[in-house]
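Here the structure is laid out as structure tokens; the discussion comes afterwards.
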Amino acid sequence: MPELPEAESIVRGLRAHVVSESIRRADVIHRDVLRQPLRAFTGGLSGRSIERVKRRGKNVIIGLDSGSVLAINLGMTGNLLLFGSAPRGGKRPTHPTVILRFASGAVLFFNDTRRFGTAEFLQCDAWQARSDRMGPEPLSEGYTAARMVDDLSRSRSPARSWLLDQRKIAGVGNIYANEALYLAGVHPARPANAVTESEAVLLHQGLRDVLNRAIAAGGTTLRDYRNADGEVGGYKIRLRVYGREGAPCLECGRAIERMVLSNRSAFFCPVCQLAR
DNA sequence: AGTGTATCCTGCAGGC
DNA sequence: TGCCTGCAGGATACAC
């Protein structure tokens, strides 16, 4: 599933092509991705034109001329695929859930195999309220190491769980959470408030580095992520711990271990990442 | 406050 | 080849 870098790559690709497009109609293939009645969704979108495309955390936000937005959470397997005209045959996305048809003839597919993603038409204040409940953007200017130190000190959650909590920090998913903890030398189960200040500085830097590098390369494709043009992510750096259980740590050679925290895998080097 | 569990879905890899 | 199990980039509700 897409995390922040993948959502950012999608946003950049879309922005170049759909701003000022007018939505002729919205077709909903699978209603279970909606969080509101069908007509509130389709009625809100039809006839609107797109003024901007933004990202907030892992969400793609399509700003409309009415001041309202189409908010898309990509879930585990969601992506947005844009075509200049209706695709036929083998080019047609395999798991369309919502299809936006533009006045120009271009077509945008919200494709989502597992349908854990969501699509929502929201008035601007409703979206704002939602956004306000999310934590800071890790790549924003204002997100300093000092802010991260302070926020970490307020929680006893394991550091990996803390990083995944969108209310604490926005856009971090399981891949980059694990990678950043490795770079900081912090064990995933370490309580957030037991992360030292110097470690938090490394975590802040490591997180921003790994996110920036992934964005620069157009995202990471593990299984099914594609950008708006249907291309795989080019993030070629070897993941250092994620998915590497049993493989040697690139620093010390010890086998990478896997543990489960809050029902999700965490990967770490038992030597390089200190539990306390 | 924080955790484990279950749930929503489909697909794929690996073991037999 | 087929069947079965476990696992997957997310998020939420629940009981404890």
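Throughout, protein chains are lettered first and strands after them, A, B, ... in sequence-line order, and every chain is numbered starting at 1.
- Residues of residues 254-264 of chain A that place a heavy atom closer than 4.0 Å to DNA chain C, in numerical order, are R258(A), R264(A).
- With sequence neighbours excluded, no residue satisfies side-chain hydrogen bond (donor to acceptor under 3.5 Å, both in side chains) with R92(A).
- Heavy-atom contacts of chain A under 4.0 Å fall on DNA chain B between two terminal nucleotides, which in 5' to 3' order are dG2(B) to dG11(B).
- Counting only residues at least two apart or in different chains, salt bridge (Lys or Arg N to Asp or Glu O under 4.0 Å) contacts with residues 161-178 of chain A comprise D165(A)-R167(A), D165(A)-K168(A).
- Every stem involving DNA chain C, taken as at least 3 paired positions in a row under the Watson-Crick or G-U wobble test at 3.5 Å, is listed here: B:2-8 with C:10-16, B:10-16 with C:2-8.
- Under the side-chain hydrogen bond (donor to acceptor under 3.5 Å, both in side chains) criterion, N193(A) pairs with no residue, sequence neighbours left out.
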Anything under 3.5 Å between a protein N or O and an N or O of nucleotides 13-16 of chain C, put it in a table, one pair a line.
none

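- Scanning for side-chain contact (heavy atoms from CB on, under 4.5 Å) contacts around R147(A) gives P136(A), Y143(A), T144(A), D151(A), with sequence neighbours left out.
- Every residue two or more places apart in sequence or in another chain was checked for a side-chain hydrogen bond (donor to acceptor under 3.5 Å, both in side chains) with E257(A), and none qualifies.
- The closest side-chain donor-acceptor pair between E21(A) and S49(A), if any, does not fall under 3.5 angstrom.
- Taken residue by residue, residues 159-174 of chain A places heavy atoms nearer than 4.0 Å to DNA chain C at Q166(A), G173(A), N174(A).
- Shown here are the side-chain hydrogen bond (donor to acceptor under 3.5 Å, both in side chains) partners of Q36(A), two or more places apart in sequence or in another chain: there are none.
- In terms of the side-chain contact (heavy atoms from CB on, under 4.5 Å) criterion, residue partners of R55(A) (sequence neighbours excluded) are, by chain and number, L4(A), A7(A), E8(A), V11(A), E137(A).
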